Q: 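Here you go, one structure.
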Amino acid sequence: MSEYDHKKIEEKWQKRWEEAGLYRTEDAVQGKENFYTLVEFPYPSGDLHIGHWSAFAVPDIFARMKRMQGYNMLYPIGFDAFGLPAENAAIKHGADPAEWTLKNIERMRLQLKQMGNMFDWDREVSACDPSFYRWTQWLFLQLFNKGLAYKKKAVVNWDPVDQTVLANEQVLSDGTAERSGAKVEKKELSQWFLKITEYADRLIDDLDGLAWPEPIKDAQRNWIGRNEGAKIEFDISSFDKKIEIFTTRPDTLYGATYVVLAPEHPLVTELAGTMINHSEVRQYVEAAATKSDLERQEHKEKTGVELKGVKAVNPGSKEEIPIFIADYVLSGYGTGAIMAVPAHDERDREFAKKFNLPVRTVVSEEGTLVDSGTFDGMTSEDAKQKITEHVGGKMTTTYRQRDWLISRQRYWGTPIPIVYDPEGNAHAISDEHLPWVLPSDVDFTPTGEAPLARSKELKERVEKLFGKGWTPEVDTFDTFVDSSWYFLRYLDPKNEKEFASKELQKAWMPVGRYSGGAEHTTMHILYSRFFIKALYDLGLVTEHEPYTVRMNRGLILAEDGRKMSKRWGNTVNPDEQVNNVGADSVKMYLAFIGPYNEVSSYPWNTNGLIGVRRFLERVWILQDHLSDDSSDNTLGGLVHRSIKKVGDDVESMKFNTSVSALMILSNEFQKLETVPQDAYEIFLKLLAPFAPHMAEELWERLGHTTSIHLETWPVYDPQLAQSDTVAIVLQINGKKRGVLEIGHDSSQEEVLAAIQRDQKLLKYIDFKPKKVVFVPNKIINFIV
RNA sequence: GCCGAAGUGGCGGAAUUGGUAGACGCGCACGACUCAAAAUCGUGUCCUUUCGGGGGUGUGGGUUCGAUUCCCACCUUCGGCACCA
């Protein structure tokens with residue numbers, strides 16, 4: 001017997017598999033159903049870290065088992081190669097982003113191959129490759145042509161560290177940037193948006209039909225933030241304009257004792273001539289404009305200014321009420337104006353108190369209306385609709401979510417395929433000019449101004465193609481645009497005529513299982529759902545939802561329980577671990593560390609890794625203790641129970657308990673004098689997805705000449721999976737008193753008879769029970 | 001404040017159409033092998049005990065013959081949203 005030399009074995013099989021094209025995936029295989037398992041493609045920002053192993057090596061277990069179960073499995077990989085992390089790293093190392101990225105991809109590809117996953121490398125895609133980004137550009141233009149992409153001047157989030165705008169989704173609730181950690185500022189800029197808000201309802205409603213974990217769906221619902229309410233118009237006395245407000249409580253209309261506009265509300269300027277404290281108002285508006293959202297929230301005291309000399313009319317009570325501007329009302333939500341009901345809204349109450357405004361209670365404690373004209377006595381719920389109708393308002397829905405800001409003032413991204421005529425009108429760049437290539441004659445140091453503006457080549461290219469005075473769009477796409485469709489390119493990576501043929505989309509989509517990081521729930525996952533819906537409406541894709549099942553995985557922490565970080569010096573280097581114990585051990589340990597499909601965090605434990613390595617060594621040694629005898633009785637139904645347990649748990653991605661089941665079976669093998677070869681072969685097949693190299697090596701040593709990964713997954717016999725005997729618990733008043741081994745499905749009489757025969761158990765029932773609770777195969781409980 | 005998830009040994013975790021709590025692994029202890037150590041193998045390992053038992057799954061109640069599992073209230077931690085009208 002030789003030693004378990006993981007290096008030799010893993011190198012050998014990775015080479016052989018590649019030569020044999022073992023993991024090349026055909027688009028169709030006779031008699032097999034296609035199944036698409038997806039993992040998020042990585043940023044090529046440097047070395048592989050242990051998180052990559054958890055993200056890619058562990059779901060490979062699922063893909064491999066499904067393959068053995070007879071599915072034609074697609075498990076592809078690529079690189080999310082555009083974007084800030086790569087660019088920032090390149091700048092830090094004084095390198096060109098393109099060179100830097102390509103070098104990293106090369107390095108990471110080698111590291112990824114050491115995992116021994118069943119990736120089909122022929123399908124590798126890279127977002128920074130012109131053959132990929134021409135389709136990112138093309139798809140964007142389809143949206144542009146349908147009016148789903150637009151450029152607009154708006155107050156946007158500005159990241160002063162990364163020197164670019166950010167989407168709302170990329171700003172954390174504490175007002176810092178998700179990536180750089182910088183305090184986000186506000187800036188008014190002209191930017192490109194995608195109309196994700198137009199899809200808000202469908203993005204929420206279609207969640208109901210998805211078999212995803214509920215918490216992920218809830219997070220998306222929260223983010224979109226649908227809110228039912230009413231829009232109601234308030235007249236302005238002696239001015240021919242109305243103030244439209246949004247409220248979720250139209251039933252409290254009679255309690256509205258003032259109106260508040262956001263400082264940015266257009267009426268503020270229009271009313272300038274009418275109000276008498278014009279300069280005071282302007283001062284407030286200007287002050288508000290410089291404040292970030294975070295700063296607005298920081299001061300606890302409400303501030304505001306009354307527009308003196310103008311009044312609004314409450315359409316319910318017809319009373320004249322004052323108009324204020326205050327920064328506690330946000331311009332981007334609802335209509336940017338509210339009716340203030342201090343009696344029934346905490347914020348309004350606070351404001352009213354400070355400005356000494358009247359408080360009028362209009363809903364009694366029982367929930368019926370008071371002091372509300374003809375509506376008195378009506379329930380609050382009924383009144384919502386009735387009052388809205390009465391004053392000519394309309395019931396409406398608003399959303400927290402804003403349109404998706406996709407342009408960035410950075411270099412390393414897909415160029416936005418737009419040019420401007422001399423009048424400044426945006427035009428799509430026609431297909432013949434795609435890919436619209438990223439220029440290379442650019443100093444890409446971030447300055448806040450888009451680096452492409454400095455490209456002479458780009459400027460000349462545009463003038464040459466479109467005429468004098470024409471200018472290029474100089475912003476690039478955020479990398480989330482690339483990742484909104486990358487999974488479609490895997491299906492047809494070499495197609496030069498289409499981003500992915502309909503035929504292949506039909507063959508593979510939707511993705512059957514998508515596993516990734518929880519941080520993408522309200523970013524990538526939401527964006528890509530929108531993208532696919534929009535493309536579906538354009539007739540370009542075959543599905544209106546991209547993922548049948550999405551699962552978020554947990555986080556691997558450092559051994560000290562903190563996040564792994566170079567700063568703490570607590571990182572675990574996967575290369576080192578693979579060198580020490582092998583890829584199979586690292587993969588299997590990460591599978592064993594905890595339930596994969598739960599968003600939790602698991603501290604790395606090198607001793608735990610060694611434990612898994614020990615397990616594999618014991619499996620290795622078993623090869624010298626085989627016998628030709630088949631169906632050894634001592635194993636009973638354990639082999640069949642193991643097939644069931646491992647299969648069920650891998651299916652639901654509970655890899656930790658499936659590893660445990662393999663360990664139990666192997667432990668039983670070890671207790672035997674010799675292990676029956678047929679049982680051992682079944683065990684190797686169960687092990688194959690978890691430790692593909694070792695299982696393959698042992699399989700070959702048994703004399704097989706074809707790959708174990710082409711074997712079919714063992715099928716268990718439900719009869720044999722049951723053990724011959726069951727343990728029945730003997731309870732007195734619900735307290736455990738003993739255990740009785742007895743045949744399957746024994747009747748109560750048989751169990752009682754068995755107790756009579758057992759001296760130890762008999763002593764517990766030397767009385768006449770009031771009642772006997774008998775649950776077949778489980779318990780017998782005597783009530784005294 | 002709203003929405004959601006979770007609290008189980010020294011540690012990661014297992015067990016839920018209610019039926020032996022702590023599988024599997026780590027750690028620890030003891031033993032075998034060894035001059036010795038490491039490795040390996042074996043045994044033990046929730047607490048407590050007068051060895052009959054008694055207690056125990058965040059806390060307090062409840063339902064039940066029986067609750068980690070179901071119900072009520074509370075505490076703690078984590079995640080999403082948040083001056084969103």
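As the structure is a prediction and not an experimental result, all values here were calculated from the model. The basis for the numbers below is simple: all heavy atoms, side chains too, and nothing from hydrogens, waters or symmetry mates. Throughout, a chain's letter reflects where its sequence line sits, starting with A, and its residues are numbered from 1.
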Q: Any side-chain N or O of R618(A) below 4.0 angstrom from OP1/OP2 of C41(B)?
A: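 Affirmative; the distance criterion is met.
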
Q: Under a 3.5 Å limit for both distances, which nucleotide forms a Watson-Crick or G-U wobble pair with G18(B), could you say?
A: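 Across any shown strand, G18(B) pairs with none.
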
Q: Touch check for N781(A), heavy atoms < 4.0 angstrom, all strands: base, sugar-phosphate only, or nothing?
A: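 Result for N781(A) = base.
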
Q: Do any side-chain nitrogens or oxygens of N607(A) fall under 4.0 Å of OP1 or OP2 in G27(B)?
A: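 For N607(A), the contact criterion (side-chain N or O under 4.0 Å from OP1 or OP2 of G27(B)) is met.
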
Q: Which residue, V171(A) or Y333(A), contacts RNA chain B at a nucleotide closer to its 5' end, judged by nearest heavy atom?
A: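 Between the two, 5'-proximity favours V171(A).
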
Q: For F246(A), answer base if it contacts any base atom (sugar-phosphate contacts may also be present), sugar-phosphate if it contacts only those atoms, and nothing otherwise; contact means non-hydrogen atoms under 4.0 Å.
A: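 Base, at least one base heavy atom under 4.0 Å.
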
Q: Which base, if any, makes a Watson-Crick or G-U wobble pair with G1(B), both distances under 3.5 Å?
A: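 Check on G1(B): paired to C81(B), both distances under 3.5 Å.
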
Q: Report yes if at least one side-chain N or O of R614(A) is closer than 4.0 Å to OP1 or OP2 of G25(B); otherwise report no.
A: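 Negative; the distance criterion is not met.
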
Q: May I ask you to say what R226(A) touches in the nucleic acid, namely base, sugar-phosphate or nothing, with a heavy-atom cut-off under 4.0 Å?
A: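 Result for R226(A) = nothing.
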
Q: Could you tell me whether V599(A) contacts a base, only the sugar-phosphate backbone, or nothing, with contacts defined as non-hydrogen atoms closer than 4.0 Å?
A: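 Nothing, no nucleic acid heavy atom in range.
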
Q: I want to verify a distance call: between C83(B), G80(B), G13(B), whose nearest atom is closest to the P595(A) side chain?
A: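 The answer is G13(B).
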
Q: If pairing requires Watson-Crick or G-U wobble contacts with both distances under 3.5 Å, which nucleotide is the partner of C28(B)?
A: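 G44(B) is the nucleotide pairing with C28(B).
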
Q: Within the 4.0 Å heavy-atom criterion, would you say N667(A) contacts the bases, only the backbone, or no part of the nucleic acid?
A: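 Contact class for N667(A): sugar-phosphate only.
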
Q: In the strands shown, is U8(B) matched to any nucleotide by a Watson-Crick or G-U wobble pair with both distances under 3.5 Å, and which?
A: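 Looking at the geometry, U8(B) pairs with no nucleotide.
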
Q: Ignoring hydrogens and angles, does a donor from either the side chain of K770(A) or the base of C65(B) sit under 3.5 Å from an acceptor on the other?
A: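 Side chain to base: no pair below 3.5 Å.
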
Q: The side chain of N656(A) lies closest to which of these nucleotides: G12(B), A14(B), C83(B)?
A: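 Taking heavy atoms from C-beta onward, the closest nucleotide is A14(B).
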
Q: Looking for any heavy atom pair under 4.0 Å, which part of the strands does G611(A) touch: base, sugar-phosphate only, or nothing?
A: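 Sugar-phosphate, backbone atoms only, no base.
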
Q: Just compare G4(B), A15(B), G19(B) and give me whichever is closest to any side-chain atom of D218(A).
A: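 For D218(A), the side-chain atoms sit closest to G4(B).
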
